[in-house]
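The next block holds one structure in the form of C-alpha coordinates; read it before the comments.
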Amino acid sequence: MPEGHTLYRLARTIDAHFAGRAVSASSPQGRFAEAAALLDGTVLRGAESYGKHLFVDFEGDRQVHVHLGLCGKFAVSDGEAREPTGQVRLRLVAPGGDGRPPAYGDLRGATACELMTREQQRVLVDRLGPDPLRADADWTRAWQRVVRSRAPVGGLLMDQSVLAGVGNVYRAEVLFRHRVDPLRPGNTLRRGTFEQIWNDLVLLLADGVRRGRIVTLEDQVLAVEAALGRGEVPRLTERSSSVYKQAGMPCPVCGSKVRTQVVAGRNLFWCGRCQRRR
DNA sequence: GGCGCATGCTCAG
DNA sequence: TGAGCCTGCGCCC
(Lines give C-alpha, C1' and ligand atoms only; values in the text may rest on other atoms or scores of the structure.)
Protein backbone atom coordinates (compact mmCIF):
# COMPACT_ATOMS: atom_id res chain seq x y z
CA MET A 1 0.00 0.00 0.00
CA PRO A 2 1.67 3.07 -1.27
CA GLU A 3 3.13 5.68 0.99
CA GLY A 4 6.78 6.71 0.52
CA HIS A 5 8.24 3.55 2.08
CA THR A 6 6.46 1.38 -0.52
CA LEU A 7 7.99 3.30 -3.41
CA TYR A 8 11.46 3.30 -1.88
CA ARG A 9 11.28 -0.44 -1.42
CA LEU A 10 9.94 -0.91 -4.91
CA ALA A 11 12.82 1.07 -6.41
CA ARG A 12 15.31 -1.16 -4.60
CA THR A 13 13.48 -4.30 -5.71
CA ILE A 14 13.50 -3.17 -9.33
CA ASP A 15 17.20 -2.37 -9.02
CA ALA A 16 17.96 -5.79 -7.58
CA HIS A 17 16.10 -7.63 -10.34
CA PHE A 18 16.63 -5.50 -13.44
CA ALA A 19 19.41 -2.93 -13.09
CA GLY A 20 21.99 -3.23 -15.85
CA ARG A 21 19.95 -5.74 -17.85
CA ALA A 22 18.36 -5.49 -21.25
CA VAL A 23 14.65 -6.04 -20.62
CA SER A 24 11.66 -6.66 -22.79
CA ALA A 25 8.85 -4.22 -22.15
CA SER A 26 5.22 -4.64 -23.12
CA SER A 27 1.78 -3.41 -22.22
CA PRO A 28 -0.61 -6.39 -22.24
CA GLN A 29 -3.47 -4.04 -21.41
CA GLY A 30 -2.45 -1.70 -24.25
CA ARG A 31 -2.53 1.66 -22.51
CA PHE A 32 1.26 1.97 -22.44
CA ALA A 33 1.91 0.11 -25.68
CA GLU A 34 3.66 2.82 -27.70
CA ALA A 35 6.06 3.74 -24.92
CA ALA A 36 6.70 0.10 -24.08
CA ALA A 37 7.67 -0.51 -27.73
CA LEU A 38 10.30 2.24 -27.44
CA LEU A 39 11.74 0.69 -24.29
CA ASP A 40 11.63 -2.90 -25.48
CA GLY A 41 15.10 -4.47 -25.61
CA THR A 42 16.90 -1.51 -24.04
CA VAL A 43 18.93 -1.53 -20.83
CA LEU A 44 17.23 -0.63 -17.57
CA ARG A 45 19.86 1.44 -15.77
CA GLY A 46 18.20 1.67 -12.37
CA ALA A 47 15.22 2.86 -10.35
CA GLU A 48 14.75 5.61 -7.82
CA SER A 49 11.90 6.94 -5.73
CA TYR A 50 11.10 10.44 -4.62
CA GLY A 51 8.18 10.65 -2.25
CA LYS A 52 5.39 8.58 -3.79
CA HIS A 53 6.90 8.81 -7.27
CA LEU A 54 8.93 6.07 -8.91
CA PHE A 55 11.36 6.70 -11.76
CA VAL A 56 12.76 3.83 -13.77
CA ASP A 57 15.75 4.93 -15.81
CA PHE A 58 16.31 3.38 -19.24
CA GLU A 59 19.22 4.04 -21.58
CA GLY A 60 18.68 6.89 -24.03
CA ASP A 61 17.28 9.32 -21.43
CA ARG A 62 13.97 7.54 -21.13
CA GLN A 63 12.47 7.71 -17.65
CA VAL A 64 9.35 5.77 -16.82
CA HIS A 65 7.48 7.81 -14.26
CA VAL A 66 5.07 5.73 -12.16
CA HIS A 67 2.62 6.92 -9.54
CA LEU A 68 0.69 4.07 -7.93
CA GLY A 69 -2.15 6.24 -6.66
CA LEU A 70 -4.53 4.61 -4.23
CA CYS A 71 -4.59 1.07 -5.50
CA GLY A 72 -1.70 0.59 -7.92
CA LYS A 73 0.75 -2.32 -7.59
CA PHE A 74 4.06 -3.18 -9.20
CA ALA A 75 4.64 -6.86 -8.47
CA VAL A 76 8.19 -8.06 -9.16
CA SER A 77 8.99 -11.78 -9.11
CA ASP A 78 11.82 -14.18 -9.85
CA GLY A 79 11.28 -16.81 -12.46
CA GLU A 80 9.77 -17.14 -15.91
CA ALA A 81 6.94 -14.72 -16.67
CA ARG A 82 3.50 -16.30 -16.60
CA GLU A 83 0.63 -15.42 -18.86
CA PRO A 84 -0.54 -11.96 -17.71
CA THR A 85 -3.93 -11.84 -15.98
CA GLY A 86 -6.09 -8.78 -15.41
CA GLN A 87 -5.11 -5.26 -16.36
CA VAL A 88 -1.32 -5.23 -16.71
CA ARG A 89 -0.27 -1.74 -17.82
CA LEU A 90 3.44 -2.45 -18.05
CA ARG A 91 5.32 -5.72 -18.00
CA LEU A 92 9.09 -5.87 -17.71
CA VAL A 93 10.87 -9.17 -18.36
CA ALA A 94 14.52 -10.09 -17.91
CA PRO A 95 14.65 -13.52 -19.52
CA GLY A 96 17.88 -14.68 -17.90
CA GLY A 97 20.75 -16.28 -19.79
CA ASP A 98 22.92 -13.33 -18.76
CA GLY A 99 24.26 -15.11 -15.70
CA ARG A 100 21.36 -13.89 -13.56
CA PRO A 101 18.05 -15.61 -12.88
CA PRO A 102 15.02 -14.61 -14.94
CA ALA A 103 12.68 -12.02 -13.47
CA TYR A 104 9.55 -10.13 -14.38
CA GLY A 105 7.43 -7.30 -13.06
CA ASP A 106 3.78 -6.35 -13.65
CA LEU A 107 2.38 -2.88 -13.07
CA ARG A 108 -1.38 -2.57 -12.48
CA GLY A 109 -3.78 0.16 -11.48
CA ALA A 110 -1.30 3.00 -11.45
CA THR A 111 -2.58 6.57 -11.64
CA ALA A 112 0.44 7.55 -13.74
CA CYS A 113 2.66 5.54 -16.03
CA GLU A 114 4.39 7.74 -18.57
CA LEU A 115 7.63 8.27 -20.40
CA MET A 116 9.65 11.39 -19.67
CA THR A 117 13.11 12.89 -20.03
CA ARG A 118 15.51 13.50 -17.17
CA GLU A 119 14.75 17.20 -17.49
CA GLN A 120 11.00 16.60 -17.16
CA GLN A 121 11.72 14.42 -14.16
CA ARG A 122 13.71 17.25 -12.57
CA VAL A 123 10.80 19.67 -13.04
CA LEU A 124 8.43 17.20 -11.41
CA VAL A 125 10.73 16.52 -8.46
CA ASP A 126 11.29 20.25 -7.96
CA ARG A 127 7.60 20.60 -7.12
CA LEU A 128 7.93 18.14 -4.23
CA GLY A 129 8.88 18.88 -0.66
CA PRO A 130 11.75 17.05 1.07
CA ASP A 131 11.48 13.24 1.32
CA PRO A 132 12.38 11.87 4.77
CA LEU A 133 13.88 8.77 3.15
CA ARG A 134 16.46 10.73 1.20
CA ALA A 135 19.79 11.53 2.82
CA ASP A 136 19.93 14.93 1.10
CA ALA A 137 16.51 16.04 2.42
CA ASP A 138 16.37 19.46 4.09
CA TRP A 139 13.56 19.49 6.66
CA THR A 140 13.70 23.27 7.06
CA ARG A 141 12.25 23.59 3.54
CA ALA A 142 9.12 21.84 4.84
CA TRP A 143 9.16 23.90 8.01
CA GLN A 144 9.18 27.15 6.01
CA ARG A 145 5.93 26.06 4.34
CA VAL A 146 4.32 24.89 7.59
CA VAL A 147 5.11 27.97 9.63
CA ARG A 148 3.65 30.27 6.95
CA SER A 149 0.38 28.40 6.60
CA ARG A 150 -2.92 28.67 8.40
CA ALA A 151 -4.00 25.31 7.01
CA PRO A 152 -4.34 22.44 9.52
CA VAL A 153 -1.09 20.61 10.12
CA GLY A 154 -2.87 17.32 9.39
CA GLY A 155 -3.41 18.56 5.85
CA LEU A 156 0.05 20.07 5.45
CA LEU A 157 1.77 16.77 6.22
CA MET A 158 -0.16 15.17 3.35
CA ASP A 159 0.64 17.99 0.93
CA GLN A 160 3.37 16.56 -1.30
CA SER A 161 4.75 20.00 -2.09
CA VAL A 162 5.40 20.45 1.64
CA LEU A 163 6.69 16.99 2.45
CA ALA A 164 7.08 14.10 0.00
CA GLY A 165 6.09 10.54 0.83
CA VAL A 166 3.78 10.95 3.83
CA GLY A 167 0.24 9.65 3.35
CA ASN A 168 -2.89 9.21 5.42
CA VAL A 169 -1.44 6.59 7.78
CA TYR A 170 1.86 8.26 8.60
CA ARG A 171 0.32 11.70 9.08
CA ALA A 172 -2.25 10.42 11.59
CA GLU A 173 0.26 8.29 13.45
CA VAL A 174 3.13 10.78 13.62
CA LEU A 175 0.82 13.50 14.93
CA PHE A 176 -0.42 11.09 17.58
CA ARG A 177 3.12 10.13 18.56
CA HIS A 178 3.91 13.79 19.13
CA ARG A 179 0.55 14.66 20.70
CA VAL A 180 -0.20 17.32 18.12
CA ASP A 181 -3.80 18.22 17.24
CA PRO A 182 -4.16 17.59 13.47
CA LEU A 183 -6.55 20.52 13.16
CA ARG A 184 -4.04 22.98 14.60
CA PRO A 185 -2.96 25.60 12.02
CA GLY A 186 0.61 25.11 10.80
CA ASN A 187 1.67 28.59 11.88
CA THR A 188 0.86 27.81 15.53
CA LEU A 189 3.27 24.87 15.67
CA ARG A 190 6.62 25.23 17.43
CA ARG A 191 9.75 24.72 15.35
CA GLY A 192 11.11 22.20 17.84
CA THR A 193 7.92 20.14 17.63
CA PHE A 194 8.10 20.04 13.86
CA GLU A 195 11.75 19.04 13.97
CA GLN A 196 10.83 16.12 16.25
CA ILE A 197 8.03 15.13 13.87
CA TRP A 198 10.47 15.18 10.95
CA ASN A 199 13.06 13.11 12.81
CA ASP A 200 10.38 10.61 13.73
CA LEU A 201 9.20 10.39 10.12
CA VAL A 202 12.77 9.59 9.06
CA LEU A 203 12.74 6.65 11.49
CA LEU A 204 9.16 5.53 10.78
CA LEU A 205 9.57 5.51 7.00
CA ALA A 206 12.90 3.68 7.26
CA ASP A 207 11.20 1.14 9.51
CA GLY A 208 8.39 0.82 6.94
CA VAL A 209 11.02 0.11 4.26
CA ARG A 210 12.55 -2.65 6.40
CA ARG A 211 9.24 -4.28 7.33
CA GLY A 212 7.37 -3.71 4.10
CA ARG A 213 4.44 -2.36 6.10
CA ILE A 214 3.63 0.46 8.47
CA VAL A 215 3.92 -0.31 12.17
CA THR A 216 3.72 2.65 14.51
CA LEU A 217 2.13 1.22 17.61
CA GLU A 218 4.64 -1.25 19.04
CA ASP A 219 6.33 1.09 21.48
CA GLN A 220 2.92 2.39 22.59
CA VAL A 221 1.77 -1.13 23.32
CA LEU A 222 4.85 -1.77 25.41
CA ALA A 223 4.32 1.48 27.30
CA VAL A 224 0.69 0.71 28.07
CA GLU A 225 1.41 -2.87 29.09
CA ALA A 226 4.16 -1.69 31.40
CA ALA A 227 1.89 0.94 32.92
CA LEU A 228 -1.15 -1.23 33.42
CA GLY A 229 0.47 -4.57 34.05
CA ARG A 230 -2.76 -6.21 32.91
CA GLY A 231 -4.45 -6.91 29.59
CA GLU A 232 -7.20 -4.41 30.06
CA VAL A 233 -7.17 -2.63 26.73
CA PRO A 234 -9.09 -4.80 24.29
CA ARG A 235 -7.62 -5.97 20.97
CA LEU A 236 -4.65 -3.72 21.41
CA THR A 237 -2.07 -6.23 20.24
CA GLU A 238 -4.00 -6.75 17.01
CA ARG A 239 -3.36 -3.18 16.04
CA SER A 240 -0.45 -1.95 13.98
CA SER A 241 -1.51 1.67 14.39
CA SER A 242 -2.51 3.81 17.35
CA VAL A 243 -5.24 5.95 15.82
CA TYR A 244 -5.36 5.31 12.08
CA LYS A 245 -8.60 3.41 11.32
CA GLN A 246 -9.23 3.04 15.06
CA ALA A 247 -12.32 5.25 15.29
CA GLY A 248 -14.24 4.46 18.48
CA MET A 249 -11.45 2.25 19.83
CA PRO A 250 -9.65 3.26 23.03
CA CYS A 251 -6.58 5.45 22.68
CA PRO A 252 -3.59 3.25 23.64
CA VAL A 253 -2.31 5.94 25.98
CA CYS A 254 -5.34 7.44 27.75
CA GLY A 255 -8.17 5.09 26.80
CA SER A 256 -10.55 7.71 25.48
CA LYS A 257 -12.23 6.99 22.17
CA VAL A 258 -10.30 7.71 18.98
CA ARG A 259 -12.04 10.41 16.95
CA THR A 260 -12.44 10.64 13.20
CA GLN A 261 -13.44 13.37 10.80
CA VAL A 262 -13.24 13.80 7.06
CA VAL A 263 -10.73 16.51 6.27
CA ALA A 264 -10.08 17.43 2.63
CA GLY A 265 -11.83 14.27 1.52
CA ARG A 266 -9.70 11.89 3.59
CA ASN A 267 -10.47 10.25 6.92
CA LEU A 268 -8.44 11.74 9.71
CA PHE A 269 -8.03 9.94 13.06
CA TRP A 270 -6.78 11.33 16.35
CA CYS A 271 -7.15 11.31 20.12
CA GLY A 272 -8.88 14.48 21.26
CA ARG A 273 -7.55 14.15 24.78
CA CYS A 274 -3.88 13.35 24.12
CA GLN A 275 -3.28 15.53 21.09
CA ARG A 276 -3.16 19.11 22.33
CA ARG A 277 0.49 20.00 21.91
CA ARG A 278 1.82 23.00 19.99
C1' DG B 1 -22.33 -10.98 -8.19
C1' DG B 2 -22.82 -6.24 -6.49
C1' DC B 3 -21.36 -2.74 -3.60
C1' DG B 4 -18.42 0.20 -0.95
C1' DC B 5 -14.13 1.14 0.51
C1' DA B 6 -8.94 1.83 0.35
C1' DT B 7 -2.15 4.05 2.59
C1' DG B 8 -3.78 9.20 -4.00
C1' DC B 9 -4.38 12.76 -6.96
C1' DT B 10 -6.50 15.89 -10.58
C1' DC B 11 -9.78 18.75 -12.45
C1' DA B 12 -14.16 21.36 -13.02
C1' DG B 13 -17.03 24.58 -10.90
C1' DT C 1 -15.87 20.72 -2.44
C1' DG C 2 -17.19 16.81 -5.15
C1' DA C 3 -16.73 13.60 -8.95
C1' DG C 4 -13.90 10.72 -11.34
C1' DC C 5 -10.27 7.43 -12.15
C1' DC C 6 -7.15 3.21 -11.49
C1' DT C 7 -7.70 -2.12 -9.18
C1' DG C 8 -8.47 -5.48 -5.53
C1' DC C 9 -10.59 -6.89 -1.43
C1' DG C 10 -14.05 -7.87 2.04
C1' DC C 11 -18.68 -7.81 3.03
C1' DC C 12 -23.41 -8.71 2.07
C1' DC C 13 -27.13 -10.86 -0.45
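To find a chain, count down the sequence lines: A is the first, B the second, and so on, and within it residues start at 1. All of these numbers come straight from a predicted model, not from anything done at the bench.
To the nearest angstrom, P of B:dC5 lies 14 Å from CZ of A:Arg266. In this structure, CG of A:Asp159 is placed 10 Å from P of B:dT10, rounded to the nearest angstrom. One can place CD of A:Glu114 at 15 Å from C1' of C:dC5, the figure rounded to the nearest angstrom. In this structure, A:Gln246 atom CD and B:dT7 atom C1' are separated by 14 Å, rounded to whole Å. Put simply, CD on A:Glu3 is 12 Å from C1' on B:dA6, counting in whole angstrom units. Straight-line distance from the CG atom of A:Leu268 to the P atom of B:dT7: 11 Å, rounded to whole Å. The CG atom of A:Leu70 sits 15 Å away from the C1' atom of C:dA3 (whole-angstrom rounding). For A:Phe269 and B:dC5, the CZ to P distance is 12 Å, given to the nearest whole Å.
The phosphate of B:dC9 has OP1 or OP2 within less than 4.0 Å of a side-chain N or O from A:His67. Using a 4.0 Å cut-off, no side-chain N or O of A:Tyr170 falls inside it from OP1 or OP2 of B:dT7. The shortest distance between the side-chain N/O atoms of A:Asn267 and the OP1/OP2 oxygens of B:dA6 is below 4.0 Å.
Between A:His65 and A:His53, the ring planes are parallel. Angles under 30° get that label, and only those over 60° would be called perpendicular.
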For nucleotides 7-10 of chain C, tabulate all protein N/O to nucleotide N/O atom pairs closer than 3.5 Å, reporting atom names and distance.
{"residue": "C:dT7", "atom": "OP1", "partner": "A:Gln29", "partner atom": "NE2", "Å": "3.1"}

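Side-chain atoms of A:Glu59 come within 3.5 Å of backbone atoms of A:Val43 as a donor-acceptor pair (strictly under, hydrogens ignored).
Comparing the same atom, C1', in B:dT7 and in C:dT1 gives a spacing of 22 Å after rounding to whole Å. When the C1' atom is used for both B:dT10 and C:dG8, the distance is 22 Å, rounded to whole Å.
Side-chain atoms of A:Arg145 and A:Ser161 include a donor-acceptor pair closer than 3.5 Å. Residues A:Gln196 and A:Arg277 have side chains that bring a donor and an acceptor to within less than 3.5 angstrom of each other.
The hydrophobic cluster containing A:Leu10, built from Ile/Leu/Val/Met/Phe/Trp/Tyr side-chain heavy atoms closer than 4.5 Å, also comprises A:Leu7, A:Ile14, A:Phe18, A:Val23, A:Phe32, A:Leu38, A:Leu39, A:Leu44, A:Leu54, A:Val56, A:Phe58, A:Val64, A:Val66, A:Leu68, A:Phe74, A:Val76, A:Leu90, A:Leu92, A:Leu107, A:Leu115.
Proximity of A:Arg134 to A:Tyr50: side-chain heavy atoms (C-beta onward) are separated by under 4.5 Å at one or more points.
The ring-ring contact (aromatic ring centres under 6.0 Å, His included) analysis of residues 147-170 of chain A, with sequence neighbours excluded, yields the pairs A:His5-A:Tyr170.
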